[in-house]
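Okay, so here's the structure we're looking at.
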There are 2 protein chains.
Amino acid sequence: MATGRNHRPATRSRGIPEATVARLPLYLRALTALSERSVPTVSSEELAVAAGVNSAKLRKDFSYLGSYGTRGVGYDVEYLVYQISRELGLTQDWPVVIVGIGNLGAALANYGGFASRGFRVAALIDADPEMAGKPVAGIPVQHADQLEKIISDNGVSIGVISTPAGAAQQVCERLIAAGVTSILNFAPTVLSVPDGVDVRKVDLSIELQILAFHEQRKAGEEAEAAAGRKGPDGDMPAVMPA
Amino acid sequence: MATGRNHRPATRSRGIPEATVARLPLYLRALTALSERSVPTVSSEELAVAAGVNSAKLRKDFSYLGSYGTRGVGYDVEYLVYQISRELGLTQDWPVVIVGIGNLGAALANYGGFASRGFRVAALIDADPEMAGKPVAGIPVQHADQLEKIISDNGVSIGVISTPAGAAQQVCERLIAAGVTSILNFAPTVLSVPDGVDVRKVDLSIELQILAFHEQRKAGEEAEAAAGRKGPDGDMPAVMPA
DNA sequence: CCGTCTTTGTGCACGCGTTCACAAAGACAT
DNA sequence: ATGTCTTTGTGAACGCGTGCACAAAGACGG
């Protein structure tokens, strides 16, 4: 989860742990940056710093993919970029539909990271007839009526839902019925989907709430420390004086 | 998660596990919905379904907060809403600044989930002088020059970064220097921060890449099954015929 | 060809998170 | 008051993920 998580226990594909898969895109990004600077090789230590992880973890992660490093030297950047891209399935490009072109949907459509990394926005879909035909990020918005046709015509298997919460489950069901098997959900709802469909959820307010929790904890500890820990053990939460 | 993760091993606050904290907002949302429908009590099983988790997990999560249920009956919805809100620190409201008012920043500013759940957008900040004064979501955008003043005047401790990747680290440092101690980062970069500062990361393209991985795996398994698993054990990844 | 030095790949131990399964607790009817 | 029935709260087992620490592998210089 940036994120909330929502995947079944899942029979690990070729033995690659889920936690490792979640970090591969991170490594890929760091490696791409190195590649653009024409750096030929990189050590696990350097790459780990760039990706913000522990170097032992990084080496173990790579070991699941195979032995792509050279002892005493490090990893060949280009080769590793290729291997990770391949493992993630980014050597093919994935057509994606975005449903719900409000503020967030438009932001997603404009997001450069899509096109650059193996994804192609096949269509933007909205339920509002007024939106139909209007170009967003250079792509004309299409009406929700067309959803099924667009998906089957383009062989779309990944859908992004950025509708209001109320519409999400229904949109989700139509996407799945039309052939989509992976969904990235931005609507603040729990989607129920049949087995075999993957859902990942991104929820802005949840992330903020988690931050708030830690923030409150910090403030509480501070206050406690300042007061010389006079409170017993704190059954009541620390209350901030205005 | 949606999310990438990025928190230190962290001395658990009052013994509430990080994983539990991450689910509290989920429970809170489900409970709020029940509250709005005036449902007085709910069982762990019902609530678990609504939140999309295992009921044993939910009970254990709640047990970290205290014994707020009644055996044979369930949990009092209103009371639980209050307890979780309090635990998450949502009984006070947190001023938040959003830095980088592009498509995404605007979407965030317009996002209803903020105001409704304990957060208040104290200011929108952008480096582009052209943006200054323009209202987004009813709030006038202010120039980045004002950043430090805004933060100290409003006592902001949570910042949201939705700038391009290149500007993120610099913005991050200014936020921290000005007093921010929690950051929600939407820019596709690893932020390095001093101890005591929490960073959570939301990365759209990473989420999509994880989906692509699973999607590829599904396609590979399908092809393998169709071919009667004729491949040895697959050193090469399954390749999709066009 | 050999020794040294760097860096990988991994065995191992530990801790967190999840889930099962059940005893304890209470509501409610009689 | 007593028994039944529902649902919580949690002890215990298990599995995954993490990080240490080191042996094996190879580059590189002499």
Side-chain angles (χ1 to χ4, degrees), chain A residues 1 3-24 26-27 31 39-77 79-80 83-84 210, chain B residues 1 3-24 26-27 31 39-77 79-80 83-84 210:
Chain A
M1 221 229 336
T3 350
R5 294 294 100 84
N6 193 1
H7 25 71
R8 56 214 158 119
T11 43
R12 280 201 213 147
S13 65
R14 207 192 330 171
I16 300 184
E18 191 61 26
T20 295
V21 172
R23 280 187 295 268
L24 289 181
L26 218 56
Y27 302 145
L31 285 164
V39 177
T41 61
V42 66
S43 73
S44 63
E45 187 56 38
E46 292 168 318
L47 187 54
V49 170
V53 303
N54 178 297
S55 71
K57 194 190 295 187
L58 179 144
R59 287 198 299 277
K60 183 151 288 194
D61 283 342
F62 286 174
S63 78
Y64 291 117
L65 308 184
S67 285
Y68 295 146
T70 306
R71 296 175 191 230
V73 176
Y75 298 90
D76 182 279
V77 172
Y79 187 57
L80 205 46
Q83 291 298 343
I84 295 179
I210 296 171
Chain B
M1 30 172 353
T3 349
R5 293 294 99 83
N6 195 1
H7 25 71
R8 57 209 159 123
T11 43
R12 281 199 213 150
S13 65
R14 207 191 331 171
I16 300 184
E18 191 59 28
T20 295
V21 172
R23 280 186 295 268
L24 289 181
L26 217 56
Y27 302 145
L31 285 164
V39 177
T41 61
V42 65
S43 72
S44 64
E45 186 58 37
E46 293 167 320
L47 187 55
V49 170
V53 303
N54 179 298
S55 71
K57 194 189 297 187
L58 179 144
R59 286 199 300 277
K60 181 148 287 194
D61 283 342
F62 285 175
S63 78
Y64 292 117
L65 307 185
S67 285
Y68 296 147
T70 306
R71 298 178 191 227
V73 175
Y75 298 90
D76 182 280
V77 172
Y79 187 57
L80 205 47
Q83 289 299 342
I84 295 178
I210 296 171

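Residue numbers start from 1 in every chain, and the chains themselves are labelled A, B, ... in the order their sequence lines are given, proteins ahead of strands. Excluded from the calculations below are hydrogen atoms, water molecules and symmetry mates; all remaining heavy atoms, backbone and side chain alike, are included.
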[options]: which one has an atom nearest the side-chain heavy atoms of [X]?
X        : options                   : answer
Tyr75(A) : dA21(C), dT18(D), dG9(C)  : dG9(C)
Arg23(A) : dT18(D), dG19(D), dT7(D)  : dT18(D)
Ala56(B) : dG9(D), dT8(C), dA21(C)   : dA21(C)
Thr70(B) : dT18(C), dG17(C), dG26(C) : dG26(C)
Ser67(B) : dT8(C), dG9(D), dA27(D)   : dG9(D)
Ala19(B) : dG26(C), dT18(C), dG17(D) : dT18(C)

Provide, to the nearest angstrom, the distance between the [atom1] atom belonging to [X] and the [atom2] atom belonging to [N].
X        : N       : atom1 : atom2 : result
Leu24(B) : dG17(C) : CG    : P     : 13 Å
Leu58(B) : dT8(D)  : CG    : P     : 9 Å
Lys57(A) : dT7(C)  : NZ    : P     : 22 Å
Tyr64(A) : dT8(C)  : OH    : P     : 17 Å
Glu45(B) : dT19(C) : CD    : P     : 13 Å
Asp61(A) : dC16(D) : CG    : P     : 16 Å
Glu18(A) : dG17(C) : CD    : P     : 17 Å
Leu65(B) : dT10(D) : CG    : C1'   : 15 Å

* Record whether the side chain of Lys60(B) comes under 3.5 Å of the base of dT18(C) through a donor-acceptor pair of N or O atoms. =>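 Result: no qualifying N/O pair found.
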* Asked: Does Arg71(A) get its side chain close enough to the base of dT8(C), under 3.5 Å, for a donor-acceptor pair?
  ->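 Counting by modelled atom types and ignoring angles, a donor-acceptor contact under 3.5 Å is found here.
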* Are Ser44(A) and dT8(C) close enough that a side-chain N or O sits under 4.0 Å from OP1 or OP2? ->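 For dT8(C), OP1/OP2 do have a side-chain N/O of Ser44(A) under 4.0 Å.
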* Are Asn54(A) and dC20(D) close enough that a side-chain N or O sits under 4.0 Å from OP1 or OP2? ->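 Result: yes.
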* Taking for each residue the nucleotide of DNA chain D bearing the nearest heavy atom, is the 5' side occupied by Gly69(B) or by Thr20(A)? ->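 Its nearest nucleotide lies further toward 5', so the answer is Gly69(B).
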* Arg59(A) or Gly74(B): which one's nearest nucleotide on DNA chain D is closer to the 5' end? ->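 Its nearest nucleotide being more 5', the pick is Gly74(B).
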Is there a side-chain contact between [X] and [Y] in this structure, where contact means two heavy atoms from C-beta onward sitting under 4.5 Å apart?
X         : Y        : answer
Arg23(B)  : Leu58(B) : no
Val53(B)  : Tyr27(B) : yes
Leu65(A)  : Leu24(A) : yes
Ile210(B) : Glu18(A) : yes

* DNA chain C: Val73(B) or Ser43(A), which has the more 5' nearest nucleotide? ->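 Whichever sits nearer the 5' end wins; that is Ser43(A).
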* Check the pair Tyr68(B) / Tyr79(B) against ring-ring contact (aromatic ring centres under 6.0 Å, His included), numbers first and verdict last. => CA-CA 8 Å; Tyr68(B) 296 147; Tyr79(B) 187 57; 5.3 Å; yes
* Assign Phe62(B) to base, sugar-phosphate, or nothing according to its heavy-atom contacts below 4.0 angstrom with the strands shown. =>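 Nothing: the residue Phe62(B), judged by heavy atoms under 4.0 Å, touches no strand.
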* To do: Apply side chain to side chain contact (heavy atoms under 4.5 Å, CB included) to Arg59(B) and Ser55(B), showing your working.
  => CA-CA 6 Å; Arg59(B) 286 199 300 277; Ser55(B) 71; 3.6 Å; yes
